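This report refers to the structure that appears directly beneath it.
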Amino acid sequence: MVGLPGKVTARILDHSRGDRRYLHGFTLVSRSWCESARRWLFYTVKVDSCTSPRDHEESPIEAFVDLILSSMDIAQSVRVLELNLTARMEPVSATSLGTLLCRLPRLHSLAIHNSGFYGELVLVGQLCKLTHLTLYQIWDGDGLFTLSQLLKLFPDLCELRMERISPSFSRTITTEAAPYLHLSSMSLLESTAQSVILASKTVATC
């Protein structure tokens with residue numbers, strides 16, 4: 001097969017980036033097309049309760065962690081990550097979250113829906129530079145991992161959206177240094193009083 005110029009291939013893939021059916025087909029054309037198509041296939045990743053059966057030993061998030069640990073080219077492609085465990089109603093391991101934050105170097109947007117957190121956050125490697133964070137319906141976990149600890153990691157955060165955050169997760173630990181954020185957009189919908197207090201202490205410019 002005669003190869004197309006790189007600019008032509010890039011235009012074709014960019015034009016089809018919203019159609020996953022075409023992108024899957026492009027991965028079968030050649031190795032170079034496969035690598036280019038993966039950039040858009042894994043640009044946005046949604047990990048939810050339907051990813052694996054309810055009786056599966058491994059949670060959907062743990063399965064995704066295993067995937068990116070074995071495929072660095074996929075990890076390099078992920079820019080937007082959404083975690084939603086509505087049906088399973090299981091907490092997110094802070095260790096798994098730490099792995100995701102360090103193994104997805106180009107991640108800039110994270111959304112976590114309908115979950116809690118358990119365990120302590122463990123970070124091995126260089127953190128991604130998160131700029132957009134959405135937290136919706138975060139219920140009480142074991143209290144070892146809190147919102148202030150999460151915000152402290154991302155001084156470049158420019159958009160923060162929170163709704164229905166539990167008191168245990170949103171509490172401020174007085175011994176922690178307050179993060180210094182420069183938010184251009186902040187939305188606190190139906191948030192707890194603790195979240196409002198935390199935001200007022202941590203937001204430098206808004």
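Predicted, not measured: the structure shown is a model, and the values here were computed from it.
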Would you find a donor on one side and an acceptor on the other, under 3.5 Å apart, between the side chain of [X] and the backbone of [Y]?
{"X": "Ser59", "Y": "Glu62", "value": "yes"}
{"X": "Ser71", "Y": "Ile68", "value": "no"}
{"X": "Asp142", "Y": "Gly119", "value": "yes"}
{"X": "Thr131", "Y": "Cys158", "value": "no"}

Within the structure provided, determine whether [X] and [Y] are in side-chain contact (heavy-atom separation under 4.5 Å).
{"X": "Trp139", "Y": "Pro91", "answer": "yes"}
{"X": "His132", "Y": "Leu157", "answer": "no"}
{"X": "Asp140", "Y": "Pro167", "answer": "yes"}
{"X": "Phe64", "Y": "Val45", "answer": "yes"}

Do you know which two heavy atoms are closest between [X] and [Y], and how far apart they sit?
{"X": "Ser96", "Y": "Val65", "value": "O-CG2, 4.1 Å"}
{"X": "Gly116", "Y": "Ile138", "value": "CA-CG2, 4.5 Å"}
{"X": "Arg103", "Y": "Leu69", "value": "NE-CD2, 3.6 Å"}
{"X": "Leu107", "Y": "Cys128", "value": "O-CB, 3.6 Å"}
{"X": "Ala75", "Y": "Pro105", "value": "O-CD, 3.9 Å"}
{"X": "Glu120", "Y": "Thr95", "value": "O-OG1, 3.8 Å"}

Drop me the distance from [X]'s [atom1] to [Y]'s [atom2], to the nearest 0.5 angstrom.
{"X": "Arg164", "Y": "Gln137", "atom1": "CZ", "atom2": "CD", "value": "5.5 Å"}
{"X": "Asp156", "Y": "His108", "atom1": "CG", "atom2": "NE2", "value": "13.5 Å"}
{"X": "Leu150", "Y": "Lys152", "atom1": "CG", "atom2": "NZ", "value": "12.5 Å"}
{"X": "His113", "Y": "Glu82", "atom1": "NE2", "atom2": "CD", "value": "4.0 Å"}
{"X": "Leu127", "Y": "Phe154", "atom1": "CG", "atom2": "CZ", "value": "5.0 Å"}
{"X": "Leu97", "Y": "Leu83", "atom1": "CG", "atom2": "CG", "value": "7.5 Å"}

> Is a side-chain donor-acceptor pair under 3.5 Å present for Thr146 with Ser148?
Replying inline: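 Their side chains do contain a donor-acceptor pair, which is all the 3.5 Å distance test asks for.
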> Cluster question for you: counting only ILVMFWY and a side-chain heavy-atom cut-off of under 4.5 Å, with indirect links fine, are Val122 and Phe145 together?
Replying inline: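 No, separate clusters.
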> In terms of hydrophobic clusters joined by side-chain contacts under 4.5 Å, are Met72 and Leu67 together?
Replying inline: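 No, Met72 does not connect to Leu67 through the hydrophobic network.
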>> Could you walk me through whether Thr99 and Leu101 satisfy the side-chain contact (heavy atoms from CB on, under 4.5 Å) test, starting with their C-alpha distance in whole Å, then the side-chain angles of each, then the deciding distance to 0.1 Å, before giving a yes or no?
In response: CA-CA 6 Å; Thr99 301; Leu101 295 176; over 6 Å; no
>> side-chain contact (heavy atoms from CB on, under 4.5 Å) for Tyr136 and Ile112? Distances and angles first, verdict last.
In response: CA-CA 6 Å; Tyr136 173 78; Ile112 302 175; over 6 Å; no
> After noting the C-alpha distance and the side-chain angles of Ser93 and Tyr118, does the key distance pass the side-chain contact (heavy atoms from CB on, under 4.5 Å) rule?
Replying inline: CA-CA 5 Å; Ser93 163; Tyr118 71 90; 3.3 Å; yes
> Per the side chain to side chain contact (heavy atoms under 4.5 Å, CB included) rule, which among Leu100, Asn84, Leu81 passes with Val47?
Replying inline: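 Running side chain to side chain contact (heavy atoms under 4.5 Å, CB included) over Leu100, Asn84, Leu81 with Val47 returns exactly one hit, Leu81.
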> According to the interplanar angle, ranging from 0 to 90°, do the rings of Phe117 and Phe169 count as parallel (below 30°), tilted (30 to 60°) or perpendicular (above 60°)?
Replying inline: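 The arrangement is parallel - the two ring planes meet at less than 30°.
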> Just wondering, more than 12 heavy atoms not from Arg161 lying within 6.0 Å of its CZ?
Replying inline: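 At most 12 heavy atoms, drawn from other residues, nucleotides or ligands, come within 6.0 Å of this atom.
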> Which is it for Leu153 and Leu123 under the side-chain contact (heavy atoms from CB on, under 4.5 Å) test, yes or no, and what are the steps along the way?
Replying inline: CA-CA 10 Å; Leu153 301 174; Leu123 302 173; 3.8 Å; yes
